[in-house]
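Structure record follows, encoded as C-alpha cells.
Nothing here was measured: the structure is a model prediction, and the numbers come from that model.
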Amino acid sequence: PIECLTHTVRHEGVLGLYKGMASPLVGIAFVNAVLFSSYGWFKALLADPLRPDAPLSIPQIAVAGSGAGIINSFVAGPIELFKIRLQAQYSSTAVPNSAAAGTAKPVYSGPVAVARALVKDHGWIRGCFHGTWATIVREIPAYAGFYGGFEYAKRALRPTNSDPSAAMPVSRLMLAGSFGGIMYWTCSYPLDVAKSRIQRLSPDETSQSVWKALRTVHAEAGMRGLFAGYVTSVVRTIPAGAATFTVYELTMRAIG
C-alpha cells in the first residue's frame with residue numbers, strides 16, 4: 001500500500017489518490033438506500049408470520065443480506081465499473097481498443113465520460129452493465145457476511161440477560177459495524193478481484209466468467225494474487241462499516 005501511495009503521488013500528484021471518487025460519491029447515498037431497503041424487505045419476508053417481531057436467526061440474516069446484495073448489484077455494478085475504468089485508465093490494458101491506452105494522457109475525464117463511451121461503443125446494457133453477473137456473484141457472500149457479521153457481533157456484545165430491545169451504546173454499535181465490514185471482504189475478496197479484472201476488460205472480450213478470472217489470477221500470482229490488497233481493504237472498511245451501521249441504527253431509532 002505504501003509503495004502504491006508514493007507511486008501515485010509521484011506520477012499523478014495528490015489528486016491522483018482521489019481518482020474515480022466522483023462516481024461512488026454521487027451514487028453512495030442511492031446505493032445504501034437500495035441496499036438497506038432491500039435488506040429490510042427480505043427480513044420481513046423471512047419473518048415468522050405468527051411472531052413477526054421475533055428476531056431472525058443469523059443464517060436468516062445472512063440470507064436477507066444476500067438477497068439485498070443481488071438487488072444492489074444492479075446499482076453498484078455500473079458505479080464500480082465507472083470507478084474501475086477511471087482508476088485504471090493509465091494502464092495499457094485498462095481501455096482496450098483505445099489508441100490512447102497506455103499513454104500518460106487520461107482517456108476519460110470523469111464517470112460521465114466513461115458512461116458515454118461505453119454506451120456509444122456497446123449500448124446501454126452491454127456497456128454500463130458490463131460485469132454485473134460478476135458483481136452479483138461477489139455480492140451474495142459479501143452481504144451475507146456484512147449483515148450476518150454485524151448482527152452476530154451486536155448480539156455477542158450485548159450483556160447477558162439484557163433486554164434485546166434496549167438501545168446499545170454507540171461504541172458497541174461501531175464495533176459490531178466494523179466486524180460486519182471485515183466479514184464483507186473476508187467472505188468475498190477473491191471474487192472482488194475477479195470482478196475488477198472482468199470490468200477492466202472490454203465488453204467485447206469473450207469467456208469473461210468469474211471462474212476463468214479466478215483461475216487466471218491464481219495462475220499468474222497464486223493465492224497471494226487472489227488476496228492482494230485484502231489488508232488495505234479491511235483497514236479501510238473498519239471505519240466505513242462502523243459509520244454505516246451506526247448511522248443506520250441511530251436513524252432507525254429516530255424514526256421509530
Side-chain angles (χ1 to χ4, degrees), residues 20-47 56 58-87 110-112 114-115 118-119 123-151 154 173 176-189 191-192 194-196 198-199 210 233 236-237 239-256:
M21 273 193 63
S23 178
L25 282 177
V26 169
I28 192 64
F30 184 51
V31 166
N32 280 334
V34 170
L35 181 64
F36 280 90
S37 297
S38 302
Y39 173 61
W41 184 81
F42 276 104
K43 284 204 303 180
L45 189 67
L46 292 169
L56 298 179
I58 299 301
Q60 287 176 312
I61 292 289
V63 170
S66 293
I70 293 173
I71 294 176
N72 183 62
S73 299
F74 294 96
V75 179
I79 292 173
E80 293 187 14
L81 171 63
F82 302 157
K83 181 188 71 173
I84 286 169
R85 295 177 80 85
L86 277 172
Q87 291 175 334
V112 174
V114 177
L118 288 171
V119 171
W124 277 100
I125 302 300
R126 292 188 65 243
C128 293
F129 289 90
H130 172 51
T132 297
W133 280 111
T135 306
I136 292 173
V137 170
R138 181 200 66 181
E139 299 288 61
I140 290 174
Y143 282 108
F146 188 61
Y147 287 107
F150 168 71
E151 194 63 34
K154 189 171 73 167
L173 284 177
S178 296
F179 184 73
I182 292 170
M183 290 304 297
Y184 175 97
W185 287 116
T186 301
C187 293
S188 67
Y189 198 82
L191 297 174
D192 182 72
K195 180 200 74 74
S196 297
I198 289 170
Q199 289 188 317
V210 172
S233 295
R236 182 187 66 192
T237 201
T244 298
F245 275 113
T246 300
V247 170
Y248 169 72
E249 289 282 324
L250 294 180
T251 301
M252 295 303 292
R253 289 182 197 174
I255 64 178

Rounded to the nearest 0.5 angstrom, the NZ-CD distance for K43 and Q60 is 11.0 Å
Quick one: list whatever passes ring-ring contact (aromatic ring centres under 6.0 Å, His included) with F150, sequence neighbours left out.
F245
Nearest heavy-atom neighbours spanning T246 and L173
OG1-C, 3.8 Å
What one should report as the nearest heavy-atom pair of L81 and Q199 is CD1-O, 3.5 Å
If I compare all heavy atoms of A134 with all of I198, which pair ends up nearest, and what's the gap?
CB-CD1, 3.9 Å
Would you sort out whether K83 and E80 count as a salt bridge (charged side-chain N to carboxylate O under 4.0 Å, His left out), showing the intermediate values?
CA-CA 5 Å; K83 181 188 71 173; E80 293 187 14; 5.6 Å; no
For a quick test of reading the model, state the closest non-hydrogen atom pair linking S188 to P141 and the distance between them.
CB-CG, 4.5 Å
How many angstroms lie between CG in L56 and CG in L46, if you round to the nearest 0.5 Å?
6.0 Å
Check step by step if ring pair (Phe, Tyr, Trp, His ring centres under 6.0 Å) holds for Y143 and Y184.
CA-CA 6 Å; Y143 282 108; Y184 175 97; 5.1 Å; yes
In terms of heavy-atom contacts, G145 and M183 come closest through O-CB, 3.2 Å
Determine, step by step, whether R236 and W185 satisfy the side chain to side chain contact (heavy atoms under 4.5 Å, CB included) criterion, reporting the C-alpha distance in whole Å, the side-chain angles of both residues, the deciding distance to 0.1 Å, and the verdict.
CA-CA 11 Å; R236 182 187 66 192; W185 287 116; 3.2 Å; yes
One should read off an interatomic distance between H130 NE2 and L118 CG, to the nearest 0.5 angstrom, of 8.5 Å
Atom pair OG (S37) and CG (N72), whose distance is rounded to the nearest 0.5 Å:
10.5 Å
Look only at the side chain of S66 and the backbone of I140, and say whether a donor-acceptor pair between them is shorter than 3.5 Å.
yes
I182 versus T237, closest heavy-atom pair with distance
N-CG2, 3.7 Å
Taking side chain as C-beta onward, heavy atoms only, is F30 less than 4.5 Å from I79?
no
The test is side chain to side chain contact (heavy atoms under 4.5 Å, CB included); show your working for T244 and F36 and say whether it passes.
CA-CA 10 Å; T244 298; F36 280 90; 3.7 Å; yes
Hey, do the aromatic rings of Y147 and F42 have their centres closer than 6.0 Å?
no
Begin from the C-alpha positions of N32 and Y248 and carry the test side chain to side chain contact (heavy atoms under 4.5 Å, CB included) through to its verdict.
CA-CA 10 Å; N32 280 334; Y248 169 72; over 6 Å; no
Hey, could you give me the OG1/CD1 distance between T135 and I70, rounded to the nearest 0.5 Å?
12.5 Å
Once you round to the nearest 0.5 Å, how far does OG of S73 lie from CG of L35?
9.5 Å
